[in-house]
Protein chains: 2
Amino acid sequence: MTAGITVDLSDPVPPYEQIRRQLSSLISVGLLEPGSRLPTVRSLAADLGIAAGTVARAYKELEQQGLIESRRRNGTIVVGPPQAPDGTVRADAAVISAVDGLIRTARDARVSDETLIDLLRGRLASKLDS
Amino acid sequence: MTAGITVDLSDPVPPYEQIRRQLSSLISVGLLEPGSRLPTVRSLAADLGIAAGTVARAYKELEQQGLIESRRRNGTIVVGPPQAPDGTVRADAAVISAVDGLIRTARDARVSDETLIDLLRGRLASKLDS
DNA sequence: TCTTTTGTATCAAACTACTGATACAAAGCT
DNA sequence: AGCTTTGTATCAGTAGTTTGATACAAAAGA
């Protein structure tokens, strides 16, 4: 499954950006812990059925973002989430279970996945303040 | 403000898709009620500083999606949320409150908005089955 | 009927992105 | 040292998107 990364070629969002986003969220949320090794650009590209350069671009941007780090022969490892300055432990188990609960609720209500994402985006935009 | 629509040219997501998403979420969430008139393609394009054809494409896709409808001279109006087939009244109250709860949880955990969307997208993709 | 407004369609040019291939650079392993 | 793995870089070809312009179609209003 290569960490559950997926790419939708019919999505207007370019593949390298889809990969970058998914890895970014996995790291930020703690599902990929610091020290974890990411799949090699070639193997991930092969699994996804895309070109290696596309995966390489996603990795490059993630490295510039400070989320991952490239040792040459050692592959690419997770450095850590951008936040989590001290002992906050990035305790996002609650967030993950809330997301899963939302997915269940949405599917019970026959709300499509895309609509659900749009809905979340809309609610976020209307709550700029805390 | 033209309904608060914004476009970020530095975003890898193409502008027509940014517009489509924002309008889709505004409609799905009820902030644009059925019957509302959208700005004309020319005026919205002018306000955003982009070409009319780009806005037209967003409108076209929204119409194919069933969210809006084009009267020729009357402009473009909101038809309604995609679901709500019969009397279900688009009963997404549960979904909306679940979304709001998720947002609260995420912000308590200091998870950024973009990360939250990425996380939801990742969890949806990894749950193709029910 | 004529004019105006609005959505739709088309076109070529420019730009970006993805691909597939190839080559190179770094670093661990034998 | 030599080999292998891995990330990085480059290239030409293809495809998708935006732009700016233009033209057309439909429909309301004078």
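Since the model is a prediction, treat every value here as computed from it, not as a measurement. To find a chain, count down the sequence lines: A is the first, B the second, and so on, and within it residues start at 1. Computation of the quantities below employed the complete heavy-atom set of this structure, encompassing side-chain atoms and omitting hydrogens, waters and symmetry-equivalent molecules.
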Does [X] put a side-chain nitrogen or oxygen below 4.0 Å from OP1 or OP2 of [N]?
| X | N | result |
| --- | --- | --- |
| A/Thr76 | D/dT6 | no |
| A/Ser70 | D/dT8 | yes |
| B/Arg57 | D/dT17 | yes |
| A/Tyr16 | C/dA17 | yes |

Hey, mind stepping through A/Ser24 and B/Asp118 against side-chain hydrogen bond (donor to acceptor under 3.5 Å, both in side chains) and telling me if it holds? CA-CA 8 Å; A/Ser24 175; B/Asp118 291 344; 4.8 Å; no
Name the nucleic acid region contacted by [X], choosing base, sugar-phosphate or nothing; use a 4.0 angstrom heavy-atom cut-off, strictly under.
| X | answer |
| --- | --- |
| B/Glu63 | sugar-phosphate |
| B/Arg42 | base |
| B/Glu17 | nothing |
| A/Pro15 | sugar-phosphate |

Considering residues, nucleotides and ligands other than A/Glu69, do more than 12 of their heavy atoms fall under 6.0 Å from its CD?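 Yes, CD of A/Glu69 has more than 12 neighbouring heavy atoms, counting only those of other groups under 6.0 Å.
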Rounded to whole angstroms, how far apart are [atom1] on [X] and [atom2] on [N]?
| X | N | atom1 | atom2 | result |
| --- | --- | --- | --- | --- |
| A/Ile50 | C/dG20 | CD1 | P | 10 Å |
| A/Ile77 | C/dA27 | CD1 | P | 14 Å |
| A/Leu44 | D/dT5 | CG | P | 18 Å |
| A/Tyr59 | D/dA9 | OH | P | 16 Å |
| A/Asp11 | C/dA17 | CG | C1' | 14 Å |
| A/Gln18 | C/dC18 | CD | C1' | 12 Å |
| B/Leu38 | C/dG7 | CG | C1' | 12 Å |
| A/Arg37 | D/dT6 | CZ | C1' | 9 Å |

Heavy atoms, side chains only, cut-off 4.5 Å: are [X] and [Y] in contact?
| X | Y | result |
| --- | --- | --- |
| A/Lys60 | A/Glu63 | no |
| A/Ile103 | A/Asp113 | no |
| A/Thr54 | A/Gln18 | no |

Check whether the side chain of B/Arg73 and the base of C/dT4 form a donor-acceptor pair under 3.5 Å.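 For B/Arg73, whose side chain was compared with the base of C/dT4, there is a donor-acceptor pair (under 3.5 Å).
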Under 3.5 Å, is there any donor-acceptor pair linking the side chain of A/Arg72 to the base of C/dA25?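 Indeed, a donor on one side and an acceptor on the other fall under 3.5 Å apart.
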